[in-house]
Asker: 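Let me begin by handing over the structure; questions about it come next.
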Amino acid sequence: GIIGGLGHDLVAMCVDDLAAVGATPLAFTDYLATGRIDPTRDEQLVGSIAEACRIAGCALLGGETAEHPGVMDSETFDLAGAALGIVERGAEVDGSAVEAGDLIIGVMSPNLRSNGFSLIRSIFDLDALSDPFPGEPARTTGEVLTEPSVIYAPSIQAVIATGHVTGLAHISGGGLPGNAGRPLSGGLSARIDFGSWRPPNVFEVVQDKGRISTAEMFATFNMGIGFVVYARPGAYAEISTSLLDHGHPSSVIGEVVRGHAAVTIAELPTGLD
């Protein structure tokens, strides 16, 4: 029943993909399909989308709500969205400027955001979502697991404006191994230093409760890094200040090296940790 953050999840996954290529999100549309219209629920969903669009700096132009009785169960719904962004021709951040020696800057994520929930549902007892979350007694398990996604797009636009960015990656499904290497061309590898940051408590609890290897955790979840910025050496101070101005802590988590593997995570344990 905790649905007030779903709009943030939906909008973040769209506008942050735009930000990863240097585009500014301009407009958003949503689509809600359900077995039965529920005015209270549906108003909350659309309200959360509108609030997320405000944070992202884009307009919610419209959408559609479709009722499908007999096709969908009355209490179920499916929420989708699409975002439109713009970038000047020639100003795209496509990774072509990335060079060996560039810094890899991780922008922190305090929570799961929107990925890995098939695994989450297999680990946690849905009847225990009102119990206190381990290590965070002031919040329930349901509140921690459904904490709204961070929206990075405005901060990434500000970072691009510093002129130091050579590549960008939105860390979503597939985690750092599946996303951090996207801006890299052949012959370059992202060498990420395991231990250069500490994942938030929620990841430690998920790993312990699910008996999941560290390698599998990194392949499924963002592990506390929601966005990656590639930049020239010496640029971290200005970039980190810009990110902090938008409320996002960051850390240098690695560097670009010569190599054929898109991403390597140094000293990453493969067994249960």
Side-chain angles (χ1 to χ4, degrees), residues 16 20 95 98-117 119-120 123 134-136 144-145 147 149-150 152 156 159 165-237 239-240 243-244 248-273:
D16 288 347
V98 177
E99 298 176 352
D102 280 0
L103 300 177
I104 303 175
I105 300 168
V107 189
M108 300 303 166
S109 168
N111 55 40
L112 300 170
R113 299 188 83 223
S114 301
N115 301 107
F117 278 88
L119 182 54
I120 290 294
I123 295 172
E136 301 182 44
V144 171
L145 296 179
E147 186 176 2
S149 294
V150 173
Y152 294 105
I156 298 304
V159 166
V165 173
T166 58
L168 297 164
H170 178 203
I171 309 305
S172 52
L176 284 164
N179 294 280
R182 287 187 177 188
L184 303 180
S185 58
L188 295 177
S189 176
R191 183 187 185 277
I192 294 172
D193 297 322
F194 178 70
S196 58
W197 79 98
R198 179 167 181 175
N201 175 59
V202 62
F203 298 102
E204 296 181 17
V205 172
V206 167
Q207 181 172 15
D208 181 66
K209 190 173 180 64
R211 300 282 296 165
I212 305 168
S213 71
T214 302
E216 180 62 23
M217 288 292 296
F218 269 85
T220 304
F221 301 104
N222 67 65
M223 295 299 286
I225 303 296
F227 218 96
V228 161
V229 177
Y230 289 83
R232 296 287 185 242
Y236 177 63
I239 288 175
S240 64
L243 289 167
L244 273 179
H248 302 311
S250 64
S251 177
V252 175
I253 63 171
E255 66 174 332
V256 179
V257 298
R258 297 289 178 188
H260 298 292
V263 179
T264 59
I265 303 179
E267 300 181 14
L268 180 68
T270 56
L272 296 176
D273 193 18

Asker: Under a 4.5 Å cut-off applied to non-hydrogen side-chain atoms, are Thr264 and Ile192 in contact?
Answerer: no
Asker: What is the minimum heavy-atom distance between Leu184 and Ala262, and which atoms define it?
Answerer: CD1-O, 3.5 Å
Asker: Would you tabulate the side-chain donor-acceptor contacts of residues 106-116 under 3.5 Å, counting partners in other chains and residues two or more places apart, or write 'none'?
Answerer:
| unit_1 | atom_1 | unit_2 | atom_2 | d |
| --- | --- | --- | --- | --- |
| Ser109 | OG | Asn111 | N | 3.4 |
| Ser109 | OG | Asn111 | O | 2.9 |
| Asn111 | OD1 | Arg113 | N | 3.0 |
| Asn111 | ND2 | Pro148 | O | 3.0 |
| Arg113 | NE | Val150 | O | 3.4 |
| Arg113 | NH1 | His170 | NE2 | 2.9 |
| Arg113 | NH2 | Asp16 | OD2 | 2.9 |
| Arg113 | NH2 | Val150 | O | 2.7 |
| Ser114 | OG | Ser149 | OG | 2.9 |
| Asn115 | OD1 | Gly173 | N | 3.4 |

Asker: Which heavy atom of Pro200 sits nearest to which heavy atom of Gly224, and what is that distance?
Answerer: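 What the structure gives for the nearest pair is CD-CA, 3.7 Å.
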Asker: Does Met223 offer a backbone N or O that forms a donor-acceptor pair with the side chain of Trp197 under 3.5 Å?
Answerer: yes
Asker: To the nearest 0.5 Å, what is the distance between OH (Tyr152) and CG (Leu243)?
Answerer: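 The distance works out to 10.0 Å.
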Asker: Going by side-chain contact (heavy atoms from CB on, under 4.5 Å), name the residues that satisfy it together with Ala235, two or more places apart in sequence or in a different chain.
Answerer: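 By the side-chain contact (heavy atoms from CB on, under 4.5 Å) rule, Ala235 matches His164, Ala231, Ile239.
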Asker: Within the 4.5 Å heavy-atom criterion, are Asp208 and Glu204 side-chain neighbours or not?
Answerer: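 No, side chains not in contact.
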Asker: Enter the distance from Asn179:CG to Phe227:CZ here, rounded to the nearest 0.5 Å.
Answerer: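 One gets 10.0 Å once the value is rounded to the nearest 0.5 Å.
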Asker: Working to the nearest 0.5 angstrom, can you tell me the gap between Met217 CE and Asn222 CG?
Answerer: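 It is 9.5 Å, given to the nearest 0.5 Å.
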Asker: Among all residues two or more places apart in sequence or in another chain, which pass the side-chain contact (heavy atoms from CB on, under 4.5 Å) test with Glu136?
Answerer: Phe133, Arg139, Val144, Asn201
Asker: Report the distance from atom CD1 of Ile120 to atom CG of Leu145, rounding to the nearest 0.5 Å.
Answerer: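 Ile120 atom CD1 to Leu145 atom CG measures 5.5 Å (nearest 0.5 Å).
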Asker: Answer whether the closest heavy-atom distance between the side chains of Leu176 and Phe194 falls below 4.5 Å.
Answerer: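 Answer no - side chains too far apart.
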Asker: Give me the atom names and distance for the closest heavy-atom approach of Ala266 to Asp193.
Answerer: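 So the two residues come closest at CB-OD1, 4.1 Å.
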Asker: Would you give the length of the straight line joining atom OG of Ser240 to atom NE2 of His248, rounded to the nearest 0.5 angstrom?
Answerer: 13.5 Å
Asker: To the nearest 0.5 Å, how far apart are CZ in Phe218 and CD in Gln207?
Answerer: 9.0 Å
Asker: Identify, with sequence neighbours excluded, every residue that meets side-chain contact (heavy atoms from CB on, under 4.5 Å) alongside Leu103.
Answerer: Ile105, Tyr236, Val252
Asker: List the residues meeting side-chain contact (heavy atoms from CB on, under 4.5 Å) with Arg232, not counting sequence neighbours, and say none if there are none.
Answerer: Ala97, Glu99, Asp102, Thr166
Asker: Within a strict 4.5 Å, meaning less than it, do heavy atoms of the Val98 and Ser185 side chains meet?
Answerer: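 No, side chains not in contact.
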Asker: Are side-chain heavy atoms of Leu188 and Arg258 found at a separation under 4.5 Å?
Answerer: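 Touching, per the 4.5 Å side-chain cut-off.
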Asker: Tell me, please, which residues at least two apart from Tyr230 pass ring-ring contact (aromatic ring centres under 6.0 Å, His included).
Answerer: none
